[in-house]
Q: 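Dropping a structure here in structure tokens format, bear with me for questions.
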Protein chains: 2
Amino acid sequence: MIVDARQSGESARDYAYRILKENIISTELKPGSLVSENETAAKLGLSRTPVREAIYDLAKVSIIETIPQKGSYVALIDPKMVEEARFLRKVLDVAVIRLACQETPPEILEAMEDNIDLQEFYLSKSNAEKIYELDNEFHRLIYVAAHKEIICELKSNMLIHFDRVRSLSVETVRDMKIVADHSGMLAAIKEHDEEKAAALVEKHLSRYHFDEELIRGQFPEYFK
Amino acid sequence: MIVDARQSGESARDYAYRILKENIISTELKPGSLVSENETAAKLGLSRTPVREAIYDLAKVSIIETIPQKGSYVALIDPKMVEEARFLRKVLDVAVIRLACQETPPEILEAMEDNIDLQEFYLSKSNAEKIYELDNEFHRLIYVAAHKEIICELKSNMLIHFDRVRSLSVETVRDMKIVADHSGMLAAIKEHDEEKAAALVEKHLSRYHFDEELIRGQFPEYFK
DNA sequence: CTAGTAGTACTTGTCTACAAGTTCATTAAA
DNA sequence: TTTAATGAACTTGTAGACAAGTACTACTAG
């Protein structure tokens, strides 16, 4: 497990959650592997309690399976679960961008513009990790514009299933297109064009296609 | 706080979660009131650990607010949060019933029929509580038909905001209509009529209108 | 009488110990 | 050799103690 330092102001629970989530998405913690509360606590320099709470959070969206008195395991990749995550994202993203088209405060529009500028900057630097972060933040801004922050939070937990298979896919020229998609979405929001925005979101999400057969061929032992 | 007995097979955490949720929805635990981990643990005959976990779950959907070293409080009724819950329910219910219209296994259709029969039975007995349970179960069956069980679970957590204001509203002749709505939905699913089903869901949800001004007038101190 | 301070009684955050169950390897008996 | 029993080493579930911070009360000094 890759453990980077605890950020200042981060509670033990949040720290454990962040590290576990990162390691599950990157499959540094392999699907099916045991995540012991004690072992994790030792690695993070914490006690069991906050680690346990973080594991429980992850278990709530079925990305970790806890069997009483036996152990907590990173869930195998379950195409049904990936589909649930994809579905949730699509349905909510479309519904929320429609709201954002109706009204988005100028300061959010500015934040979106700044975000896209940064995306283009890191695109020129080929910094995929930064683009990933900015991508998430851009979509979160749409939820903020629609006053749906809690829903955004719920969605992001479920998205772990999605992000994990995404991290297993070899993607090359995708970043350029997604930055362009974001520009299009911002334009649609400014123009109050719901239909255009909704169509863009659908197209955008289709870029994160999950080629199950390909990944299953490469990592058959990761699948349910 | 009203505490009924722990069900067999129910973990301490689930028990604490269930009791807290019921008391928050019924406003037996009043908005703004303190929910002490120690006090709750004592009342339920548990230790702090499972109670703490339950409180944390509720805090994740902002129905409880925990202030470090100060206390955990039942959230005041926040119209924004009620709206987020209503929005989540509407968007997901519509999307999911569309899927169910495409294909629903016969055993689920049977379960839906049985459920509606029971609703009609309890309607004749004027048993509102049983109808409430069957209502929830009916909608859950739609999610099962669409293979979206986890999403249903996520939704139900958020719905606490919605159910709480619902429990504050005096509703009289609503039950008859909602049972009829359910029959209509089942028919639409059988006929694979997505548009009809979606329209019915929208109409159905409009019956749970939240008359903010009325409730605010009655319980101003419950509001944010 | 007022202002400030110390103390008390709470709160949550974290840690540690113990209870109870599972798994697996080792050992002894058939 | 095979099989069954036993115990050790794990796991999570729960409980309770301590740390640290907040709020309020009562007392003391001016």
Side-chain angles (χ1 to χ4, degrees), chain A residues 1 3 5-21 23-24 29-76 221, chain B residues 1 3 5-21 23-24 29-76 221:
Chain A
M1 189 163 72
V3 177
R6 183 168 170 183
Q7 294 170 3
S8 71
E10 189 176 42
S11 75
R13 176 201 287 157
D14 292 343
Y15 175 49
Y17 181 84
R18 180 171 61 85
I19 298 299
L20 284 172
K21 178 178 173 178
N23 279 278
I24 289 174
L29 280 174
K30 293 186 174 51
S33 64
L34 175 70
V35 183
S36 159
E37 293 176 3
N38 267 318
E39 190 188 344
T40 307
K43 279 183 184 163
L44 298 185
L46 304 170
S47 77
R48 268 183 66 209
T49 305
V51 171
R52 176 179 169 74
E53 290 168 344
I55 287 178
Y56 179 55
D57 276 359
L58 294 162
K60 284 200 82 170
V61 290
S62 302
I63 192 70
I64 281 185
E65 183 186 15
T66 296
I67 301 170
Q69 273 75 44
K70 190 168 180 292
S72 294
Y73 300 87
V74 178
L76 292 171
E221 73 279 14
Chain B
M1 189 164 71
V3 177
R6 181 166 171 186
Q7 294 171 2
S8 71
E10 190 176 41
S11 75
R13 176 201 287 158
D14 291 344
Y15 176 49
Y17 181 83
R18 180 171 62 84
I19 298 298
L20 285 172
K21 178 178 172 178
N23 279 277
I24 289 174
L29 281 175
K30 294 186 172 53
S33 65
L34 175 69
V35 183
S36 158
E37 292 177 3
N38 267 319
E39 190 187 344
T40 307
K43 280 183 184 163
L44 298 184
L46 303 170
S47 76
R48 267 184 67 209
T49 306
V51 170
R52 175 178 169 75
E53 289 168 344
I55 288 177
Y56 179 55
D57 275 0
L58 294 162
K60 284 200 81 169
V61 291
S62 302
I63 193 69
I64 281 186
E65 184 187 14
T66 296
I67 302 169
Q69 272 74 42
K70 190 165 180 293
S72 294
Y73 300 87
V74 178
L76 292 172
E221 73 278 15

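All of these numbers come straight from a predicted model, not from anything done at the bench. Just so you know, these numbers use all the heavy atoms, side chains as well, and skip hydrogens, waters and symmetry mates. The chains referred to below are lettered A, B, ... by the order of the sequence lines, with proteins before strands, and numbering in each begins at 1.
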Q: Atom OH of A:Tyr73 to atom C1' of C:dT23: distance rounded to whole Å?
A: 9 Å

Q: A:Arg48 CZ to C:dC15 C1': how many Å, rounded?
A: 11 Å

Q: Looking at B:Ser72, I'd like to know whether one of its side-chain N or O atoms comes within less than 4.0 Å of OP1 or OP2 on C:dT12.
A: yes

Q: Quick one: B:Leu34 CG to D:dT22 P, roughly how many Å, whole number?
A: 16 Å

Q: Look at the side chain of A:Pro50 and decide which nucleotide, out of C:dT14, D:dA15, C:dT22, has an atom nearest to it.
A: C:dT14

Q: To the nearest Å, how far apart are B:Tyr17 OH and D:dT14 C1'?
A: 21 Å

Q: When you measure from the side chain of B:Asn23 to the backbone N and O of B:Ile19, does any donor-acceptor pair fall under 3.5 Å?
A: yes

Q: Strictly below 4.0 Å: does B:Ser36 bring a side-chain N or O up to OP1 or OP2 of C:dC10?
A: no

Q: To the side chain of A:Ala12, which of D:dT12, C:dT14, C:dT23 is closest?
A: C:dT14

Q: Which listed nucleotide (C:dT12, C:dT14, D:dG13) is nearest to the side chain of B:Asn38?
A: C:dT12

Q: Rounded to whole angstrom units, what separation is found between the CD1 atom of B:Ile67 and the C1' atom of C:dG13?
A: 15 Å

Q: With a non-hydrogen cut-off below 4.0 angstrom, is A:Val35 in contact with a base, only sugar-phosphate, or nothing?
A: sugar-phosphate

Q: A:Met1 and A:Thr40: which non-hydrogen atoms are nearest, and at how many Å?
A: CE-CG2, 3.9 Å

Q: Is A:Glu53 salt-bridged to B:Arg52, cutoff N-O under 4.0 Å?
A: yes

Q: Could you tell me the separation between the CD atom of B:Glu37 and the P atom of D:dG16, rounded to a whole number of Å?
A: 15 Å

Q: Specify the residue among A:Ser47 and A:Pro68 whose closest nucleotide of DNA chain C lies further upstream toward the 5′ end.
A: A:Ser47

Q: Under 6.0 Å from the six-membered ring centre of B:Tyr17 and within 45° of its axis: does the NZ or CZ of A:Lys60 meet both?
A: yes

Q: Reckon A:Arg52 has a side-chain N or O less than 4.0 Å from the OP1 or OP2 of D:dG13?
A: yes

Q: What nucleotide among D:dT14, C:dT11, D:dA15 has an atom nearest to a side-chain atom of B:Arg6?
A: D:dT14

Q: Considering non-hydrogen atoms only, spot the tightest contact between A:Tyr15 and A:Leu46 and give its length.
A: CD2-CD1, 4.0 Å

Q: Expressed as a whole number of angstroms, how long is the span from A:Tyr15:OH to C:dG13:C1'?
A: 17 Å

Q: Could you say whether A:Gln69 or B:Thr49 is positioned toward the 5' end of DNA chain D, judged by the nucleotide with the nearest heavy atom to each?
A: A:Gln69

Q: Give the rounded distance in Å between these two atoms: NZ of B:Lys70 and C1' of C:dC10.
A: 11 Å

